[in-house]
Amino acid sequence: MKIAIGLSGGVDSSVAAYLLKKQGHELVAMFMQNWHDTTGTLHGDCPWKDDLAIAELVAKKLDIPFHYVDLSADYSKKVVDYMFSEYEQGRTPNPDVMCNREIKFDAFLKAAVDLGVDYVATGHYCRKGEAQRDGKTYYQLLAGVDGNKDQSYFLCQLSQEQLAKALFPIGDLLKPEVRRIAHEQGLPTADKKDSQGICFVGKIDLPVFLQQKLAAKEGNIVEIKSGIYEKLAKPESNDLEGLSTPYRYYPNNGKKVGTHNGAHFYTIGQRKGIGVGGHIEPLFVIATDIATNTVYVGEGHDHPGLNRKGLFIKSTEIHWVRPDRAMMVGEERSYLVRVRYRQALQEAKLYMREEGLYIIFEELQRGITAGQFAAWYDGEELLGSGVIAR
RNA sequence: UGACCUAUGGUGUAAUGGUAGCACAACAGAUUUUGGUUCUGUUUGUCUAGGUUCGAAUCCUGGUAGGUCAA
């Protein structure tokens with residue numbers, strides 16, 4: 001079997017490469033470069049140069065041919081433009097989910113197939129399974145065995161076609177085991193720190209990064225006291241619509257407590273960067289309004305505006321990794337759901353309706369944010385996902 | 001205009017005349033392949049000019065600023 005391994009210059013993909021090599025597969029290593037710019041980058045002069053050099057060392061060490069592909073045009077268009085566009089519209093995108101769907105398992109996968117490979121392997125902490133249904137084989141996206149590092153969430157937008165070509169060699173290892181193997185094999189990445197931030201772009205100061213394209217614009221920060229909710233209480237707060245719709249605020253619902261330099265630089269649940277003190281408990285962003293350029297904040301973790309019972313996904317933005325298990329309109333099912341990476345799975349009930357999917361949680365959820373992805377699981381299998389509309 | 005009250009880090013507040021503390025904010029580090037969260041640590045202050053006292057945020061006097069009541 002001929003396999004391409006995407007080497008990032010990190011320890012996970014290095015060990016993945018080693019494992020495939022040991023299994024006797026014909027391997028080619030590929031390093032993809034997706035970003036050159038370092039504007040807004042925090043620790044970075046040129047992190048990708050180091051990564052490239054290290055990836056090359058790993059390939060040499062394992063004695064596998066090394067290829068370099070530049071996908072920065074695709075990345076810029078499919079990931080970075082999407083990012084700016086979402087922020088501009090007041091939503092909070094998830095660039096890494098998009099990067100996996102559009103780059104690693106699309107542009108990159110195609111480049112690998114052009115080299116004549118059967119599969120593309122990555123260093124993701126997740127597993128691929130197979131299920132039979134009506135005489136057909138379906139690929140399953142399963143959580144990584146290491147519950148602490150499970151990255152299935154970032155792959156929640158993959159299709160059957162993409163999954164068919166994918167391999168995840170380290171999915172049933174724990175991170176410490178991966179480190180140990182790297183040490184035993186003397187891989188140059190053995191002690192390399194795990195990467196953080198937007199993959200390929202790196203750890204950035206987001207407002208600085210965004211200000212490359214989005215203009216700063218001064219506006220008001222308005223504090224909403226938890227007392228007003230009794231008056232705002234929605235009449236039909238127990239139907240799907242009510243449970244999955246956030247409160248709508250107006251500047252006169254609260255008091256101006258400060259100014260910000262652009263509502264689109266803030267996201268719900270955010271604590272740092274509000275710059276308003278003098279409270280007993282920290283302030284969190286509970287809503288932003290691009291139209292009036294207002295950031296609404298509330299005091300304390302338990303503020304009623306910060307925690308919600310449900311969310312809504314438009315029908316056009318529902319994605320089933322397992323199309324054979326898609327819900328019919330009118331159907332209701334109980335699944336485990338997460339709305340961000342590394343969040344513990346939450347019990348929830350899904351209601352499929354004509355207009356879209358309603359997800360109502362057992363417990364209140366903090367910081368549900370439009371533009372982020374909700375992913376639902378049946379046990380350890382990720383069945384589907386979608387963009388949170390509200 | 002008269003009477004009274006208040007003045008402490010960037011903000012909100014503590015401190016029987018005896019080492020100015022806490023919270024929030026800010027900053028830094030840790031955690032984290034999104035945004036964000038969380039954890040740890042650090043910086044910064046007694047409105048001003050005098051006086052009493054061994055010693056003043058604290059007591060006294062003037063100034064300045066803000067507030068309340070009266071007109």
Side-chain angles (χ1 to χ4, degrees), chain A residues 6 8-13 32 34-35 40 42-43 47-48 51 75 79-80 82-84 86-87 89-104 122-126 144 146-157 170 175 192-207 209-210 214 221 223 255-260 263-286 288 297-301 306-307 338-344 365-375 385 387-388:
Chain A
S8 67
V11 66
D12 298 330
S13 57
M32 69 187 108
N34 293 328
W35 196 244
L42 286 185
H43 318 285
W48 66 269
D51 290 339
Y75 190 82
V79 180
V80 180
Y82 146 81
M83 226 177 117
F84 281 120
E86 287 288 290
Y87 274 113
Q89 295 170 64
R91 288 194 295 265
T92 305
N94 191 323
D96 284 358
V97 167
M98 211 48 80
C99 173
N100 282 309
R101 186 180 90 185
E102 301 291 334
I103 307 298
K104 289 180 194 159
T122 64
H124 284 108
Y125 285 88
C126 66
D146 189 335
N148 191 41
K149 295 295 292 186
D150 169 37
Q151 289 170 322
S152 56
Y153 174 78
F154 283 120
L155 304 180
C156 67
Q157 286 277 298
I170 62 164
K175 183 82 192 194
K192 192 150 178 270
K193 196 170 159 3
D194 287 4
S195 67
Q196 293 173 8
I198 304 167
C199 59
F200 301 114
V201 176
K203 201 74 185 163
I204 52 169
D205 183 324
L206 197 68
F209 184 79
L210 291 176
L214 305 181
I221 299 176
E223 178 179 0
K255 197 179 92 198
K256 176 184 169 180
V257 290
T259 59
H260 59 78
H264 44 260
F265 299 134
Y266 292 81
T267 191
I268 292 171
Q270 177 174 346
R271 167 178 177 175
K272 290 293 172 182
I274 296 171
V276 176
H279 292 71
I280 301 298
E281 289 196 80
L283 293 178
F284 294 92
V285 174
I286 59 173
T288 61
V297 298
E299 181 174 2
H301 297 82
L306 193 56
N307 301 287
R338 65 163 53 103
V339 295
R340 62 174 62 83
Y341 177 54
R342 283 174 61 82
Q343 180 193 23
Q365 299 296 315
R366 198 160 91 183
I368 290 176
T369 308
Q372 292 281 291
F373 288 82
S385 65
V387 182
I388 298 170

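Lettering of chains follows the sequences in order, A, B, ..., and the numbering in each one begins at 1.
Considering only side-chain N and O atoms, A:Arg340 lies nowhere under 4.0 angstrom from the phosphate OP1 or OP2 of B:rU37. Contact annotation: A:Lys193 does not reach the phosphate of B:rA30 (side-chain N/O to OP1 or OP2, under 4.0 Å). Checking the phosphate oxygens (OP1, OP2) of B:rG36, no side-chain nitrogen or oxygen of A:Lys272 falls inside 4.0 Å. At B:rG35, none of the side-chain N or O atoms of A:Arg91 fall inside 4.0 Å of OP1 or OP2 (strictly under the cut-off). The phosphate of B:rG35 has neither OP1 nor OP2 within less than 4.0 Å of any side-chain N or O from A:Tyr87. Under 4.0 angstrom from either OP1 or OP2 of B:rU38 there lies at least one side-chain N or O belonging to A:His301.
Nucleotide B:rG2 forms a pair with B:rC69, judged by Watson-Crick or G-U wobble geometry with both contacts under 3.5 Å. When Watson-Crick and G-U wobble pairs are counted only if both distances are under 3.5 Å, B:rU61 pairs with B:rA49. Across all strands shown, B:rG21 pairs with B:rU13; the Watson-Crick or G-U wobble distances both stay below 3.5 Å. In this structure, B:rU8 makes no Watson-Crick or G-U wobble pair, since no nucleotide meets both defining distances under 3.5 angstrom. Across all strands shown, B:rG29 is found opposite B:rC39 as a Watson-Crick or G-U wobble partner, with both distances under 3.5 Å.
The distance from atom CG of A:Asp205 to atom P of B:rU34 is 15 Å, rounded to the nearest whole Å. The separation between A:Leu306 atom CG and B:rU38 atom P is 10 Å, rounded to whole Å. B:rG35 atom P lies 16 Å from atom CZ of A:Phe265, rounded to whole Å. The interatomic distance linking A:Leu155 (CG) with B:rU34 (C1') rounds to 13 Å, in whole Å. Look at NZ on A:Lys203: it is 7 Å from P on B:rG36, rounded to the nearest Å. In this structure, CD of A:Gln157 is placed 13 Å from C1' of B:rU34, rounded to the nearest angstrom. A:Arg366 places its CZ atom 17 Å from the P atom of B:rG35, with the value rounded to the nearest Å. The distance from atom CZ of A:Phe373 to atom C1' of B:rG36 is 16 Å, rounded to the nearest whole Å.
Between the P atoms of B:rG67 and B:rA25, the separation comes to 29 Å (whole Å). Comparing the same atom, P, in B:rU13 and in B:rG50 gives a spacing of 30 Å after rounding to whole Å. Separation of the C1' atoms belonging to B:rC60 and B:rC22 is 31 Å when rounded to the nearest angstrom. For B:rC5 and B:rU42, the C1' atoms lie 38 Å apart once the distance is rounded to whole Å. For the C1' atoms, the distance from B:rU58 to B:rA15 is 9 Å, rounded to whole Å. Nucleotides B:rG35 and B:rA30 place their P atoms 16 Å apart, quoted to the nearest Å. Taking the P atoms as reference points, B:rU37 lies 24 Å from B:rU43, given to the whole Å. The separation of B:rU44 from B:rG9, taken at their C1' atoms, amounts to 5 Å, rounded to a whole angstrom.
Nucleic acid contact class of A:Gly273 (heavy atoms, under 4.0 Å, all strands): sugar-phosphate only. Within the 4.0 angstrom heavy-atom criterion, only backbone atoms of the sugar-phosphate kind lie near A:Val276; the bases stay farther away. Using a 4.0 Å heavy-atom criterion, one finds that A:Gln372 contacts the bases of the nucleic acid, with or without backbone contacts as well. Within the 4.0 angstrom heavy-atom criterion, base atoms lie near A:Thr369.
Checked by atom type, the side-chain pair A:Gln343/A:Gln365 shows a donor-acceptor distance below 3.5 Å. For the residue pair A:Thr92 / A:Glu86, no side-chain donor-acceptor distance below 3.5 Å is found, with atom types taken as modelled. Inspection of the A:His264 and A:Gln89 side chains reveals no N or O donor paired with an N or O acceptor under 3.5 Å. For A:Asn148 and A:Arg342, the side-chain atoms include at least one donor-acceptor pair closer than 3.5 Å.
For A:Asn100, counting side-chain heavy atoms from C-beta on, the closest listed nucleotide (B:rA25, B:rU33, B:rG36) is B:rU33. Out of B:rU37, B:rU33, B:rC24, the shortest distance to the side chain of A:Lys104 is found at B:rU33. Nearest nucleotide to the A:Pro282 side chain, out of B:rU34, B:rU31, B:rC24: B:rC24. Comparing atom distances between the A:Tyr153 side chain and each of B:rA25, B:rU34, B:rU33 picks out B:rU34 as nearest.
Aromatic ring pairs are classed by plane angle as parallel below 30°, tilted from 30° to 60° and perpendicular above 60°; the pair A:His260 and A:Tyr266 is perpendicular.
Formation of a donor-acceptor pair under 3.5 Å by the A:Tyr153 side chain with backbone atoms of A:Val97 is not found in this model.
RNA chain B is contacted by both A:Lys149 and A:Glu281; A:Glu281 maps to the nucleotide lying nearer its 5′ end (nearest heavy atom per residue).
For the atom pair CE (A:Met32) and SG (A:Cys199), the distance works out to 8.5 Å, reported to the nearest 0.5 Å. The OH atom of A:Tyr341 sits 9.0 Å away from the OG atom of A:Ser152 when rounded to the nearest 0.5 Å.
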